Amino acid sequence: MRSQLSVLAGLCLLAAWSVASGEKLMFGIAIHGGAGTMPRAEITPELEAQYRADLAQALDTGYGVLEKGGTSQDAAIAAVKILEDSPLFNAGKGAVFNRDGEVELDAGVMDGASRRAGSVAGLKHVKNPIELARLVMDKSPHVMLIGPGAEEFALDQGMTLVPNSYFHTEKRREQLERALKGDRMAAIKLNYFGTVGAVTRDKQGNLFAATSTGGMTGKIPGRVGDSPHIGAGTYANNETCAVSATGHGEFFIRSVVAYDIHALMDYKEMSLDKAVNEVVQRKLKVMKAEGGVIAIDSDGHIVMSFNTEGMFRGARDSAGRREIAIY
């Protein structure tokens, strides 16, 4: 009898723990479309509605994958692809021009369960760089491939390449022309408002991070930002968090922003909220670096933080949260 009571008590304790820690089963997704200095006056109601519509499509598509039991990888890639295909963001279609009038694209992904990663840089003909970054992770022994070698790998994997003109938009062409004439603000506006990313936690508790960008208007050909640098613009570890960053890439690389958030959680046992704000609101500000991050922790809690006027962003989780915001 005593043995049966002990077993029953144990089962009750287990049930109570499961209820108390129910949020550990939470799944969710956060996305961003870049953080930067674009004044509110620059966004008309019509343009804001377009941004919100594309953000909503990406957010709900990624969440739909998770809701159906899909992996964190599939959810993040699905969300980022939608933003890459939108001409509104600085990634894929609608990316900014480099100094020579070409588009060069970078992307990075990391899997929190296996800690495998893949990234690509200097792409000129890959329609969805985030897909190629995932293929580098899954189908190659490497982490980063760049330029023609990366595009040859894309062909080997059956991807169809597109002409560089596919990515061109008149808005970005005007930006480049103004920037080359010495209009510094033309180079700044919408640069950081544009890098796209997603972080996810699936029903199995696995985290994933994905980031894609066109870089900076008028950049020197061959320049690579933080997005494909694992630990700088993209990082995921099931023990702590998944992070996707957006901002002035050179500073984010020097500060190893995404990994730094993980390290504060791992070594100092900080919460996600405290770790993110320590990096974004203090460390980056000391460096006078602008930008922001989206992050999700091992319990499914989402934090979105930026030190600029705004960041295109969205979050949705199984606890009922659904948020889309710009400022």
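These values consider heavy atoms only, across backbone and side chains, with no hydrogens, waters or symmetry-generated copies. If you're wondering where the values come from, they're calculated on a predicted model, not measured in any experiment. Quick note: residue numbers are just sequence positions, from 1.
Remark: A117 engages M110, V143, I230 in a side-chain contact (heavy atoms from CB on, under 4.5 Å) (not counting sequence neighbours). Evaluation of the salt bridge (Lys or Arg N to Asp or Glu O under 4.0 Å) rule for E323 yields R321 as partners, not counting sequence neighbours. The ring pair (Phe, Tyr, Trp, His ring centres under 6.0 Å) search around H262 returns Y235, Y259, not counting sequence neighbours. With sequence neighbours excluded, no residue satisfies ring pair (Phe, Tyr, Trp, His ring centres under 6.0 Å) with F252. Partners of P148 according to the side-chain contact (heavy atoms from CB on, under 4.5 Å) rule, which considers only residues two or more places apart in sequence or in another chain, do not exist here. For A154, the side-chain contact (heavy atoms from CB on, under 4.5 Å) partners at least two apart in sequence or on another chain are V126, L132, M159, L161. Among residues two or more places apart in sequence or in another chain, the salt bridge (Lys or Arg N to Asp or Glu O under 4.0 Å) test is passed with E151 by none. Applying the ring pair (Phe, Tyr, Trp, His ring centres under 6.0 Å) criterion to F306, with sequence neighbours excluded, gives no partner residue. Every residue meeting the salt bridge (Lys or Arg N to Asp or Glu O under 4.0 Å) condition with K283, not counting sequence neighbours, appears here in chain and number order: D260. The salt bridge (Lys or Arg N to Asp or Glu O under 4.0 Å) test applied to K127 returns D85, not counting sequence neighbours.
Counting only N and O atoms by type, the side chains of T213 and T195 include a donor and acceptor under 3.5 Å apart. In this model, a donor atom of one side chain and an acceptor atom of the other lie less than 3.5 Å apart for S244 and H32. Between the side chains of E290 and T308, no donor N or O sits under 3.5 Å from an acceptor N or O.
For the pair N164 (side chain) and K124 (backbone), a donor-acceptor distance under 3.5 Å is present. Here the side chain of D297 pairs a donor or acceptor atom with the backbone of G300 at under 3.5 angstrom. Between the N90 side chain and the G215 main chain, a donor and an acceptor come within less than 3.5 Å of each other. Formation of a donor-acceptor pair under 3.5 Å by the Q157 side chain with backbone atoms of L135 is not found in this model. Remark: the backbone N or O of V280 is not paired with any side-chain donor or acceptor of K285 at under 3.5 angstrom. One N or O on the side chain of S318 and one on the backbone of F27 form a donor-acceptor pair closer than 3.5 Å. D54 places no side-chain N or O within donor-acceptor distance of the main-chain N or O of S86, the cut-off being under 3.5 Å. Of the possible donor and acceptor atoms, none in the side chain of R52 sits under 3.5 Å from a partner among the backbone N and O of Q50. Remark: side-chain polar atoms of R316 are not paired, donor with acceptor, to backbone N or O of Y63 under 3.5 angstrom. Checked by atom type and distance alone, the side chain of H125 pairs as donor or acceptor with a backbone atom of V162 at under 3.5 Å.
Dense packing is recorded around CD of E48, with more than 12 heavy atoms of other residues, nucleotides or ligands lying under 6.0 Å away.
Inter-residue side-chain proximity for L284 and V257 is flagged as met; some heavy-atom pair is nearer than 4.5 Å. Taking 4.5 Å as the limit, some side-chain heavy atom of T44 sits within range of a side-chain heavy atom of L47. Looking at I324 and L59, their side chains come closer than 4.5 Å, going by heavy atoms from C-beta outward. Residues L55 and I31 meet the side-chain proximity criterion, which asks for heavy atoms closer than 4.5 Å. For the pair V109/Q73, no side-chain contact is recorded, criterion being any heavy-atom separation below 4.5 Å from C-beta on. L207 has its side chain out of reach of N237: every pair of non-hydrogen atoms, C-beta onward, lies at least 4.5 Å apart. L123 is not listed as a side-chain neighbour of D106, based on a closest heavy-atom distance of 4.5 Å or more. Under the 4.5 Å side-chain criterion, counting only non-hydrogen atoms from C-beta, S119 is not in contact with V136.
When every heavy atom of S305 is checked against every heavy atom of Q281, the shortest pair comes out as OG-NE2, 2.9 Å. Counting all heavy atoms, side chain and backbone alike, V120 lies closest to P129 at CG2-O, 3.8 Å. For the residue pair D111 and F208, the shortest heavy atom distance occurs at CA-CD1, 3.5 Å. Summarising the geometry of K81 relative to I130, their closest heavy-atom pair is CG-CG2, 3.8 Å, with the distance given to 0.1 Å. Closest of all the heavy-atom pairs between K171 and P87 is NZ-O, 4.1 Å. The shortest heavy-atom contact between V196 and A91 is CG2-CB, 3.7 Å.
Note: S227 OG to L105 CG = 10.5 Å, rounded to the nearest 0.5 Å. Of the inter-residue distances, the one linking N98 atom CG with E104 atom CD reads 4.5 Å to the nearest 0.5 angstrom. Of the inter-residue distances, the one linking I302 atom CD1 with C241 atom SG reads 13.0 Å to the nearest 0.5 angstrom.
Hydrophobic clustering (ILVMFWY, side-chain heavy atoms < 4.5 Å, transitive): I261 and I294 are in distinct clusters. Two different hydrophobic clusters hold Y51 and I82 under the rule that ILVMFWY side chains link at heavy-atom gaps under 4.5 Å. M311 and V243 fall into different hydrophobic clusters, where Ile, Leu, Val, Met, Phe, Trp and Tyr residues are linked whenever their side-chain heavy atoms come under 4.5 Å apart, directly or through other members. If you chain together hydrophobic residues whose side chains sit under 4.5 Å apart, L272 and V279 fall into the same group. The hydrophobic clustering, which links ILVMFWY residues whose side-chain heavy atoms are closer than 4.5 Å, places I77 and F89 together.
Using a 4.0 Å cut-off between charged nitrogen and carboxylate oxygen, K139 and D156 do not count as a salt-bridge pair. Ion pairing between R134 and D74 holds under the 4.0 Å rule for side-chain N and carboxylate O. We find that D299 and R201 are not joined by a salt bridge, their nearest charged nitrogen and carboxylate oxygen being 4.0 Å or further apart. Contact check on K274 versus E269 returns no salt bridge, with no Lys/Arg side-chain nitrogen under 4.0 Å from an Asp/Glu carboxylate oxygen.
Listed by first and then second residue, the ring-ring contact (aromatic ring centres under 6.0 Å, His included) pairs that reach into residues 152-180 are F97-H168, sequence neighbours excluded.
Screening I253, V256, T246 for a side-chain contact (heavy atoms from CB on, under 4.5 Å) involving D226 leaves a single residue, I253.
Clustering of Ile, Leu, Val, Met, Phe, Trp and Tyr by side-chain heavy atoms under 4.5 Å joins V224 with none of the others.
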Tell me, with the steps shown, if R223 and E250 meet salt bridge (charged side-chain N to carboxylate O under 4.0 Å, His left out).
-> CA-CA 10 Å; R223 179 264 186 187; E250 280 68 17; 2.9 Å; yes
Side chain to side chain contact (heavy atoms under 4.5 Å, CB included) assessment of R99 paired with L176 | CA-CA 8 Å; R99 185 185 61 190; L176 176 64; 5.7 Å; no
Verdict with supporting geometry, M216 and H248, side chain to side chain contact (heavy atoms under 4.5 Å, CB included) = CA-CA 9 Å; M216 302 176 70; H248 193 159; 4.3 Å; yes
Go through the steps for I29 and D317 under the test side chain to side chain contact (heavy atoms under 4.5 Å, CB included), then give the verdict.
-> CA-CA 6 Å; I29 178 173; D317 64 35; over 6 Å; no
